[in-house]
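A note on names: the letters A, B, ... follow the listed sequences, proteins ahead of strands, and every chain is numbered from 1. Side chains are part of it too, since the values below use all heavy atoms of this structure and drop only hydrogens, waters and symmetry mates.
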2 protein chains.
Amino acid sequence: MQRTPAPTIADVAERAGVSPATASRALSNYGRVSKDTVEKVRSAAAEIGYRPNELARAMRVGSTRTIGLVIIADFTNAFFDRATKAIVDAARAHDYQVLITNTDEDIDVEQQAVLTLLDKQVDGLIIVPSLAKEHPHLGTTQLGGRPVVLIDRRIDELPLTSVTTDDASGTRAAVLDATAKGHRKLGFLISAVGVPEFTTIAPTEMISTVRDRSNGFRRGATDSNIPIADQLWVYCADEPSSSEAAVASMLDSDMPPSVIFTSNNDMALAVLQVAGQRGLAIGRDLSLVTVDDSVWAAAMVPGISVIARPVEELGSIAVARLVERIESPGQDVERLVLPTQYISRSSVATI
Amino acid sequence: MQRTPAPTIADVAERAGVSPATASRALSNYGRVSKDTVEKVRSAAAEIGYRPNELARAMRVGSTRTIGLVIIADFTNAFFDRATKAIVDAARAHDYQVLITNTDEDIDVEQQAVLTLLDKQVDGLIIVPSLAKEHPHLGTTQLGGRPVVLIDRRIDELPLTSVTTDDASGTRAAVLDATAKGHRKLGFLISAVGVPEFTTIAPTEMISTVRDRSNGFRRGATDSNIPIADQLWVYCADEPSSSEAAVASMLDSDMPPSVIFTSNNDMALAVLQVAGQRGLAIGRDLSLVTVDDSVWAAAMVPGISVIARPVEELGSIAVARLVERIESPGQDVERLVLPTQYISRSSVATI
DNA sequence: AGGTTTTGCGAGAACGTTCTCGCACAGAAT
DNA sequence: ATTCTGTGCGAGAACGTTCTCGCAAAACCT
């Protein structure tokens, strides 16, 4: 437990009988060193268990080989874990480490997190941006010229590289599947931050994923000739109590939908919950489609039909793009959109 | 996009008309500075948007205020995401950041990860250790005197502080519940690394959680007077193909169990999968209990009975203990064990 | 032999902080 | 008027690297 000071390159140099400069050259093989001294230094380093202090190196070379991740921890959506793992693994493959921060959809903590990460001199950032009108911390000057890649959600107003998914197409495909199976009364339960409880009137601002899913839903419905009157759009706060109340009110409305599409898994869980309470069997009495595949959605009986997004690819591509921009700055902003896939299981009944 | 060099404390000092030393004192308020100069320096710093370089500060003061997290990313167990979020949040509350690394149960990448984190001068480590006979990288000397807290799993041979859960009691409670409901043929599907496919003979080494769950199961069974002959213990590789084959073989055996306890959620998913294929309804034709609560286990119909572990507390307590040891070294090793809770839902039938 | 290039290495600066030390000057005590 | 205590501040070292520069010796050329 004695905190004996870690050996420095000076210790290695002394033991090898050379100068620190030469020791550094020998270990990081650059410059000119003789074979002999390289050998001497290497073994000296090994003998005393020398490991270079990455802090000091970072200080000197101006790069920490660390990327900052600002993500929202959202357990139900199976996004946080899959994306985080993909990002951490991809980063390691590029020889980068990941400093992680969590924001609970709060723009202020997001802003604080970005500052803290920048203070720690991360080389770049991957961010899942929170909903907000203003993103003062994401201006290029605020970032000290360090590259940023947005994932999951775009911010159309800002010239930032992003990697997102084509949720509109996936959602449209899901709607088409349901209408092909005979559903004519469609429910759409949309997670929306900022609304109290739930409402049928659209909030003025929504994150890009929700907008995309809404557009896809709309396209699917019009392509299937479902009139507006047979669509029930409900915007709902991301609270179990609110979402369950919202589902109940949908089922009790004048136009109870035979299928409910949910814009995220919190909402899907609410549907499951309420259906369970009422003895409604999913895939028979009530149909359900949600976003993001998961082991649970696949293993449940019935299996839940989902709009699957390539979350792992999203993470690894984000890292690749970020590293690209870290190592050769001045690239154009890119807005990548990855394809989604509708996976039909048995939660949508044929009627 | 111009990479204008970030302002340093020298810039602040110049603008305020003082020396860097005074500027530093004014900003970090220590030493002796007059009210006036504090004010001058503060506003100078604000005007040019000065933010201290944490790297340089860390270099000087010898502390990065960063903790390293080495965790296994295991999506199905809903442990990775909950624990990670709890740790990140707790760390931030203590004004620490988290460098995260993932090991896929591989001792070599774990060792490498620990080294990398130490090179980055983390102040301490939180580790979910992989199964192995030897843990050469976890000796106190290898860690350079930096504190470590193990979570989820203990390593009894090493004098390391750990925060784990009392899985034995939870498992015993689960068994007692099942036998009280009339089950007399018990299946136990145990995830074991290193076994090929599946087998009924116990591997020589198991991670502490699996050992604890096994002990709890054994105690529950003997307390309920279930003879060994009516227990079917199967050790299984953590691969969907293996676990599904294992479940199938259990159901087809001479002594098909009426209830299957699974030692982790990968195994539980296999049970769900095979039961679904065979048209066996969980909670009626086949009963199931698994470990770790999740939104899905609660929302499914029927709800899955689980041995719930306080994962968030586990994470935040681990951080608290670690920070304690970082800030005042030389504390005794502590092996905390948090209580588990058996949550009875409807996946266990009464027969 | 003489000059020129190449090779190996050390001295020392630099990265941006913090912090010890000492100096000058103020006001208070003798 | 002289000594003392205290206050505010600057000079400079230190943290552990990397990297530029210059210098000596060795190698190469005529």
Side-chain angles (χ1 to χ4, degrees), chain A residues 3-42 44-45 48-66 116 118-123 144 146, chain B residues 3-42 44-45 48-66 116 118-123 144 146:
Chain A
R3 213 160 178 12
T4 59
T8 75
I9 199 154
D11 299 326
V12 175
E14 191 184 10
R15 183 170 246 264
V18 296
S19 76
T22 308
S24 178
R25 276 187 289 250
L27 292 176
S28 320
N29 52 290
Y30 70 93
R32 292 184 302 229
V33 218
S34 75
K35 285 278 169 202
D36 277 13
T37 39
V38 168
E39 190 48 45
K40 266 194 305 184
V41 171
R42 286 269 159 81
I48 63 179
Y50 168 74
R51 301 227 100 213
N53 182 327
E54 285 297 325
L55 234 57
R57 149 177 280 160
M59 177 100 247
R60 178 67 235 244
V61 304
S63 154
T64 53
R65 296 202 79 81
T66 303
T116 309
L118 291 176
D119 288 350
K120 294 235 171 184
Q121 308 297 118
V122 295
D123 293 340
R146 269 165 290 196
Chain B
R3 212 160 180 11
T4 58
T8 74
I9 198 152
D11 299 325
V12 176
E14 191 183 11
R15 183 169 246 265
V18 297
S19 76
T22 308
S24 177
R25 277 187 288 252
L27 292 177
S28 320
N29 53 292
Y30 70 95
R32 292 182 303 228
V33 218
S34 76
K35 285 278 169 204
D36 278 12
T37 39
V38 168
E39 191 47 47
K40 265 195 306 184
V41 172
R42 285 270 160 80
I48 64 179
Y50 168 75
R51 300 228 102 213
N53 181 328
E54 285 298 324
L55 234 55
R57 149 178 279 161
M59 178 101 248
R60 177 68 235 241
V61 305
S63 154
T64 52
R65 296 202 80 83
T66 303
T116 310
L118 290 176
D119 289 349
K120 293 235 171 183
Q121 309 297 116
V122 295
D123 293 340
R146 271 165 288 195

K.L.:
Minimum heavy-atom separation for B:K120 and A:T64, please, with both atom names.
P.N.:
NZ-O, 2.6 Å

K.L.:
It should be established whether A:T37 places a side-chain nitrogen or oxygen under 4.0 Å from OP1 or OP2 of nucleotide C:dC9.
P.N.:
yes

K.L.:
Given 3.5 Å as the limit, does a donor-acceptor pair link the side chain of A:D119 with the main chain of B:N53, or not?
P.N.:
no

K.L.:
Calculate, to the nearest 0.5 Å, the distance between atoms CD and OG belonging to B:E14 and B:S19 respectively.
P.N.:
12.5 Å

K.L.:
Has B:R57 got a side-chain atom pairing as donor or acceptor with B:P52's backbone, closer than 3.5 angstrom?
P.N.:
no

K.L.:
What string of B, S and - do you get for nucleotides 16-28 of chain D 5' to 3' if you count protein non-hydrogen atoms under 4.0 Å?
P.N.:
BBBBB--------

K.L.:
Within the side chain of A:S24, is there an N or O that forms a donor-acceptor pair under 3.5 Å with the backbone of A:T22?
P.N.:
no

K.L.:
Between B:R42 and B:E39, does at least one N-O distance fall below 4.0 Å, as a salt bridge requires?
P.N.:
no

K.L.:
Among all residues two or more places apart in sequence or in another chain, which pass the side chain to side chain donor-acceptor pair (under 3.5 Å) test with A:S28?
P.N.:
none

K.L.:
To 10°, what angle do the rotation axes through the five end pairs on each side of the helix from C:dG3-D:dC28 to C:dT30-D:dA1 form?
P.N.:
60°

K.L.:
Provide the closest heavy-atom pair for B:P7 versus B:G49 in the form atom of the first, atom of the second, distance.
P.N.:
CG-O, 3.9 Å

